[in-house]
Undergrad: 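Just passing along the structure, written as structure tokens.
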Amino acid sequence: MNVYYLADVCSVVDRSPAVPAGVIIRPIREADIPLLAQTFRRAYGPAAAGTLSDVVAEMTAAFGGAWGALWPRASPAAWRGGQLAGAVQAVRRPSWEGAPDCPWLIDVFTDPSHRRAGIARSLIGAACRVMSAAGEPRVGLTVDEANVAAVTLYKSLGFAESV
Ligand SMILES: CC(C)(COP(=O)(O)OP(=O)(O)OC[C@H]1O[C@@H](n2cnc3c(N)ncnc32)[C@H](O)[C@@H]1OP(=O)(O)O)[C@@H](O)C(=O)NCCC(=O)NCCS
């Protein structure tokens, strides 16, 4: 079941580590869509993600504001050894009815070959530093409560289920 998680932006920043050695973080841009889509598909697996063209269409829709106005500066990608290792996509406000009124991480994913190296944690930290600088006190995301890796990651950063 999907649930909303919320966190205090400052507490996420405080709990996120320095960027791992050898990793470069920069905002995503539209030209990254093909690589983002390939990495997303490897991260979720083809059965869950769908075809590459499905994922490219979804990424293109995200850049077009399908889930809220994309916040590129708060949507960092991590590069290691010239490879896209992972990314976070954030919107200024989620566009669907009933969502909390705060910036939203619409996706977080790390390529399987770069897992457990602190990539997702530092990407979320980087996104939250931009949100904090913009005066945003809270950040949210949607997670499947059966997704142990994601739930453990988010709780370790101070996220808790929205009640
Ligand atoms: C969830 C995901 C983004 C984590 O990416 P990652 O870069 O490997 O995460 P990090 O290395 O930053 O992990 C930080 C912490 O999260 C927790 N964590 C990460 N993966 C975990 C796993 N498989 N099992 C348990 N805890 C895990 C741990 O507390 C970890 O700290 P530690 O390595 O010091 O123990 C990655 O597994 C992924 O892309 N999954 C598929 C896509 C997905 O489900 N995205 C989330 C959608 S809501």
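Scope of the values below: all heavy atoms of this structure, side chains included, with no hydrogens, waters or symmetry mates. Keep in mind that what you see is a predicted model, and the values were worked out from it rather than measured. The residues of the chain are indexed from 1 along the displayed sequence. Atoms within a ligand are numbered from 1 in the order they appear, just like the ligands themselves.
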Undergrad: Would you call Thr39 and Phe109 a side-chain contact if the rule is heavy atoms closer than 4.5 Å?
TA: yes
Undergrad: Heavy atoms under 4.0 Å from ligand 1: which residues qualify?
TA: Ala43, Tyr44, Val108, Phe109, Thr110, Arg115, Arg116, Ala117, Gly118, Ile119, Ala120, Arg121, Thr142, Val143, Asn147, Ala149, Ala150, Thr152, Leu153, Tyr154
Undergrad: Once salt bridge (Lys or Arg N to Asp or Glu O under 4.0 Å) is applied, do any residues pair with Arg42, and if so which ones, sequence neighbours excluded?
TA: Asp111
Undergrad: Taking the six-membered ring for Trp and the single ring otherwise, decide whether the centroids of Trp104 and Tyr5 are under 6.0 Å apart.
TA: no
Undergrad: Who pairs with Arg80 by side-chain hydrogen bond (donor to acceptor under 3.5 Å, both in side chains), at least two apart in sequence or on another chain?
TA: His114
Undergrad: Please determine whether a side-chain nitrogen of the Lys or Arg among Glu161 and Lys155 lies less than 4.0 Å from a carboxylate oxygen of the Asp or Glu.
TA: no
Undergrad: Checking Asp32 now: which residues fulfil salt bridge (Lys or Arg N to Asp or Glu O under 4.0 Å) with it, not counting sequence neighbours?
TA: Arg26
